[in-house]
Amino acid sequence: MIWKSLVRLAALAVSIILTLGHPTLDVGFSGPESQNKYVFAHFMVGIVENYQLSDWIADMTAAQAIGIDAFALNCASIDKYTPTQLALAYRAAQQVNFKVFISFDFAYWSNGDTAKITAYMQQYANHPAQMQYKGAAIVSTFVGDSFNWGPVKQGTSHPICALPHLQDPAEVSSNGGRSADGAFSWYAWPTDGGNSIIKGPMTTIWDDRYVKNLAGNPYMAPVSPWFATHFNSKNWVFICENLPTLRWEQMLALQPSLIEIISWNDYGESHYIGPFSANHSDDGSSQWATGMPHDAWRDLYKPYIAAYKSGATKPTIDKEQIVYWYRPTPKGVSCPEDRLGAPNGINMLSDSIFVATLLTSPATLTVASGSNGPVSIDVPAGIVTSNVTMGVGPQTFSVSRNGQTILNGKGGLPVQDHSKYYNFNVYVGSITN
Ligand SMILES: *[C@@H]1O[C@H](CO)[C@@H](O)[C@H](O)[C@H]1NC(C)=O
Ligand SMILES: *[C@@H]1O[C@H](CO)[C@@H](O)[C@H](O)[C@H]1NC(C)=O
């Protein structure tokens, strides 16, 4: 503990010295937390090589519609089209009054890339569409924990707010020494660390550690609805289930400085909330993401984003609806043609249909899943996630109040007892009036 405090003091001293060295305000280590809250979404630039300005505008407009303030533009160093697409993104954002910032993906960038990263920051830090936090241009990362932001700050004529992804909250103590201003966590799903798969439900055990270690400096918390991936290089699920609402309840209780939704368009890991963009390039994820819309999760996220920004502990419902999500098959379905085999972790999943009710007053939700008889559940006002046992066949949903049916509809996909490939992505739909 004493050693840690000394490290932290030393880090603070280094940070102050670095700050004195150039005319920028060191955002992280000064001033009270009295600013607006912002919500960002992680955007994979690596799959939009062919995007035109209109594609960017379509995505940004859809994000703005639910209260997202900016895209965190995940960029690899190896992609030739990164400069072109970044330029388009900044231009599109400026046109629609949206914001963006760069998230350097250190699976590709390295600590030796200071000059290139500085050049990007110098180019964009004071762009009208750059996301600013307390007057400083936000920059973030995926991994890249040990990158030193000091030289980048010194080489950029606009203040910078570095919010790198730290893989371990214990690293916060040496973070200030690298001139970081806060931290971003990637622990958006239940895990004991790394990519270990544990039973749900999700807790805030990781968030609490980051918040504690950051001691008032900005924490950018991750919010994600799902995780299922099925590549040669990675083939697992995290146990999400009721995460689409549970995670937001945690955020409303925690009220972190900033939130980054993971993700807008990462179809590969099945956590996209953006539209299945017609013009993205397929990294192989079309096998599990085609025909599996997640758009209704934006309807679900919208009232939570508004609640988070206003500091409310509960979302306000303007429009009654239900949002449902379920996998296309029970977990035991075997796919002998799929040479990759079943993803790790699936045994911890339950075969359930999940339904979030968004209601202004209590009502009764009835779900008929396949050949299972209809199940009725009394649900309160607000947003609540219920579940019923998955049955093979069509899915029907209704909500009634005082003997009147107020919402009624069919799931967009029947559950099947067979599939060519393992698919642990979910079909997400909504029923509205
Ligand atoms: C992108 O996709 C839409 C269809 O969703 C199409 O109308 C548009 O022309 C496409 N843009 C480009 C640049 O291909
Ligand atoms: C399904 O709902 C029941 C009853 O509310 C709850 O106990 C259970 O944890 C839920 N299952 C999942 C996987 O969310």
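Residue numbers start at 1 and run along the sequence shown. From a predicted model like this one, the values you see are computed outputs, not experimental measurements. Counting starts at 1 for both ligands and their atoms, in listed order.
- At a distance under 4.0 Å, a protein heavy atom can be found next to atom 11 (N) of ligand 2.
- Classified by interplanar angle (parallel below 30°, tilted 30° to 60°, perpendicular above 60°), the ring pair Trp186/His165 is tilted.
- Counting the atoms of ligand 2 from 1 in the order shown, those under 4.0 Å from a heavy atom of Glu241 are 13 (C).
- Atoms of ligand 2 lying under 4.0 Å from any heavy atom of Ser350, numbered from 1 in the order shown and given with element: 13 (C).
- Protein heavy atoms are found inside the 4.0 Å sphere centred on atom 14 (O) of ligand 2.
- Using bins of under 30°, 30° to 60° and over 60° for the plane-to-plane angle, the ring pair Phe354/Trp325 lands in the parallel bin.
- Close placement of the His271 and Trp189 rings is indicated, their centers lying within 6.0 Å of each other.
- Looking only at protein heavy atoms, the nearest one to atom 5 (O) of ligand 2 is Asn387 ND2, 4.9 Å.
- Remark: atom 2 (O) of ligand 2 lies closer than 4.0 Å to at least one protein heavy atom.
- Under the 3.5 Å distance criterion, with hydrogens and angles disregarded, no donor-acceptor pair is assigned to the side chains of Lys420 and Gln287.
- A donor and an acceptor atom, one from each side chain of Thr360 and Glu320, are located under 3.5 Å apart.
- Taking the six-membered ring where tryptophan is involved, the planes of His127 and Tyr124 are tilted, since the angle between them lies from 30° to 60°.
- Assignment of Ser352 to the shell around ligand 2 is not supported, since no heavy atom sits closer than 4.0 Å.
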